[in-house]
Amino acid sequence: MEKRGGSFSSLRAYGVALLETPRRLVQRMGAVSSCNEELTRVKARSGAEMQRSLRWFDLLALGIGGMVGAGVFVTTGKPARTLAGPSIILSYVIAGVSALLSALCYTEFAVAMPVAGGAFSYLRTTFGEFPAYITGANLVMEYVVSNAAVARSFTSYFDSAIGFNNIDKWRLKVHVLPEGFNELDLIAVALIIVLTICICYSTKESSAVNMVLTVLHLAFILFIIVIGFAKGNVNNLTEPANPANPGGFAPYGVNGVFNAAAIVYFSYIGYDAVSTMAEEVTYHATDIPIGVSGSVIIVTVLYGLMATALCTLVPYDKINEDAPLSMAFRNDPGWEWVSNVVGAGASLGILTSLLVAMLGQARYMCVIGRSHVIPDWFAKVNSKTGTPLNASIFLGICTAAIGLFTDVAILIELISIGTLFVSYMVANALIYKRYAIIEKKTTLAFLWALSWIAIGFASLWQFQGGRGQSCCLAICGLAAIIVTFVFSALVAEAKQPREWGVSCMPWTAAASIFLNVFLLGSLYRISYLRFAIFSVVATIFYLVYSVHASYDAQCRAASLALVPPAAVEIHVIE
């Protein structure tokens, strides 16, 4: 029974709330909201509205700026040297195709429901409160960790741009701290603080700054590509510097190509941040599809060209893991100046990437706050700036704290899993949205079957089993096709999008599900450990706070409508 003042009004009230946790979980875990609720009542909880000032070119620049910068400049070195070799080019293409399929799914939701919550809001209107909360929490965590990694890499490239070539001069070593956490990066912290101030001030001005930086950055990228192709040697695509190392275009085999694709998927973090800008877009039905999908296509082409330039410049076993493009020119007499140019270009790219990602993470946090599963304080939009000020400041502090201590190599191993998992969930949600109104059980059965087939395929892929393995993989692949074909033949679409929709459904979303699961199966074990630990912590928070705050909000809404709480309609996924 609801107590006056809510679950947190006193210690006794909270004790009663904890005893009622099982009953409240049943009501709230699967509770869904409608698109109309998200666009009206839920959105109104932020107080002031976000300013609608962005157009398609703003979104395109935000998407390109958000992705190019963290990618080739940060993540290429290690997977190219240890996993894929020159075939890292294919890894970027595979990751790009997966990102594009996911971007299409995001776009349909963003056009139908132009709110700042991105994947969190999409999942809340399909699978309910708890699935949305756990994926949203992991995505925000991923943003914070990846932004910290990108900020620390800025220091390396800034050092290269000004020609110091000694990263130790910029970092303060504290010997009492454990290895990997003992180099304090004050430059990274300063950068995060400056960008936090920028995004707090105005989204439109932040977009204008991003536009200028992105144009300059693209000029640097084209310069790198042209110089790389002009100076490169195609023999480097097949011959290592050390003959004792494996040779060929794919020295570590097809497994290495896909394992590297899972790592470099981090390079595409940014397109989903653009979808969180939907609430600030002027013409969402036309601008969002161009901005989200267009930016992924452009970036995939750029990544492929840049990776090709890098692999022709340097044999894969001599690629520098920390600053691959910059160091490719460092030891070549007469070309050292290019290293400085690359460092400057990478620094600009990292600035734009950080700016867009920090814009996105704050909006995710804001909308999660609107749902009451975290304190309402995060949902507030400042009436003067039209930005989620509280969420921006809080996440800026968290990012700066992680970026101050933690080594880039450790951070990179912890990312990609959250983005891949959320992309997987959004693709499932799109199929559910399109088909489940009439055939809910059949749709859920199809999604479960497709996911388990994909898990089986990904698991088999990790073993070297010769012809038997190939047969099993073929069976899994054929099973996925048959299951999707049967579903599409038996179940008709129950809901057609009114303004913009993904074509070739359910095949497009099914391909996204399969590819995301496959890439998830290629990640480091430590990524799963991070994901599991954080998910457990987030679940505990949900049990001790979120479900009770959400239940209180439900009761307040019922009392305002003069309806007993028990009569409030709760939609629960069966």
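Source: prediction; values computed, not measured.
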Problem set entry | pair L101-T508: side-chain heavy atoms closer than 4.5 Å | yes
Exercise. Centres of the Y432 and F127 rings: under 6.0 Å?
Worked result: yes
For this session: Determine whether Y14 and V544 make a side-chain contact, defined as any pair of heavy atoms from C-beta on separated by less than 4.5 Å.
Result: yes
For this session: Evaluate side chain to side chain contact (heavy atoms under 4.5 Å, CB included) for Y542 paired with I134, printing each intermediate quantity in order.
Result: CA-CA 9 Å; Y542 184 83; I134 206 70; over 6 Å; no
For this session: Working to the nearest 0.5 Å, report the span between CG of L59 and CG of D287.
Result: 6.0 Å
For this session: Search all heavy atoms of L195 against all heavy atoms of L354 and return the closest pair with its distance.
Result: CD1-CB, 3.5 Å
Exercise. Would you say the side chain of E108 lies within less than 4.5 Å of the side chain of Y122, judging by non-hydrogen atoms?
Worked result: no
Exercise. Is the backbone of R55 close enough, under 3.5 Å, to the side chain of D58 for a donor and an acceptor to pair up by distance?
Worked result: yes
Problem set entry | Within-4.5 Å side-chain heavy-atom neighbours: L450 and T484 | yes
Exercise. Would you say L11 has more than 12 foreign heavy atoms packed within less than 6.0 Å of its CG?
Worked result: no
For this session: Decide yes or no for I193 and I197: does some side-chain heavy atom of the first lie under 4.5 Å from some side-chain heavy atom of the second?
Result: yes
Exercise. For Y528, which residues count as a ring-ring contact (aromatic ring centres under 6.0 Å, His included) partner, sequence neighbours excluded?
Worked result: none
Exercise. Is the closest side-chain donor-acceptor distance between D376 and H372 under 3.5 Å?
Worked result: yes
Exercise. Side chain to side chain contact (heavy atoms under 4.5 Å, CB included) with M505: which residues, sequence neighbours excluded?
Worked result: L430, I431, R434, Y435, E493, V502, A509
Side chains of residues 388-402: which donor-acceptor pairs under 3.5 Å do they make with residues two or more places apart or in other chains?
residue	atom	partner	partner atom	Å
N390	ND2	W377	O	2.8
S392	OG	P388	O	2.8
T399	OG1	L395	O	2.8

Exercise. So, for S546 and Y133, which heavy atoms are closest and what is the spacing to 0.1 Å?
Worked result: OG-CE1, 4.0 Å
Seminar exercise, completed: Between L100 and S293, the two heavy atoms sitting closest are CD1-O, 4.0 Å
Exercise. Is a side-chain N or O of R363 found less than 3.5 angstrom from the main chain of L359, in a donor-acceptor match?
Worked result: yes
Exercise. Closest heavy-atom contact between S10 and A13?
Worked result: OG-N, 3.1 Å
Exercise. Between Y106 and S423, what is the shortest heavy-atom contact and its length?
Worked result: CE1-OG, 4.2 Å
For this session: Start with the C-alpha distance between V536 and I540, add both sets of side-chain angles, then the distance that settles side chain to side chain contact (heavy atoms under 4.5 Å, CB included), and finish with yes or no.
Result: CA-CA 6 Å; V536 168; I540 292 171; 4.0 Å; yes
Exercise. Taking side chain as C-beta onward, heavy atoms only, is R24 less than 4.5 Å from S7?
Worked result: yes
For this session: Please tell me if the side chains of L490 and F446 come closer than 4.5 Å, counting only heavy atoms from C-beta onward.
Result: no
Problem set entry | Partner set under ring-ring contact (aromatic ring centres under 6.0 Å, His included) for Y424, not counting sequence neighbours | none
Problem set entry | Nearest heavy atoms of L520 and L420, plus distance in Å | CD2-CB, 3.6 Å
Exercise. Please walk me through it: do I453 and V517 pass side chain to side chain contact (heavy atoms under 4.5 Å, CB included)?
Worked result: CA-CA 10 Å; I453 292 170; V517 170; over 6 Å; no
Exercise. Would you say W56 has more than 12 foreign heavy atoms packed within less than 6.0 Å of its CH2?
Worked result: no
Problem set entry | From L191 atom CG to L186 atom CG, the distance as rounded to the nearest 0.5 Å | 12.5 Å
Seminar exercise, completed: Sequence neighbours excluded, the answer for side chain to side chain contact (heavy atoms under 4.5 Å, CB included) partners of S295 is L60, I64, M67
For this session: Might you work through the side chain to side chain contact (heavy atoms under 4.5 Å, CB included) test for K433 and T125, ending with a clear yes or no?
Result: CA-CA 9 Å; K433 171 191 172 187; T125 58; over 6 Å; no
Exercise. Taking atom CG of L139 and atom CE of M425, what is their separation to the nearest 0.5 Å?
Worked result: 12.0 Å
Problem set entry | From CZ (F514) to OG (S98), nearest 0.5 Å | 12.0 Å
For this session: Check whether any side-chain heavy atom of V140 sits under 4.5 Å from a side-chain heavy atom of F120, and report yes or no.
Result: no
Exercise. Listed by chain and number, what are the side chain to side chain contact (heavy atoms under 4.5 Å, CB included) partners of W448, not counting sequence neighbours?
Worked result: W452
Problem set entry | CE on M358 to SG on C198, rounded to 0.5 Å | 9.5 Å
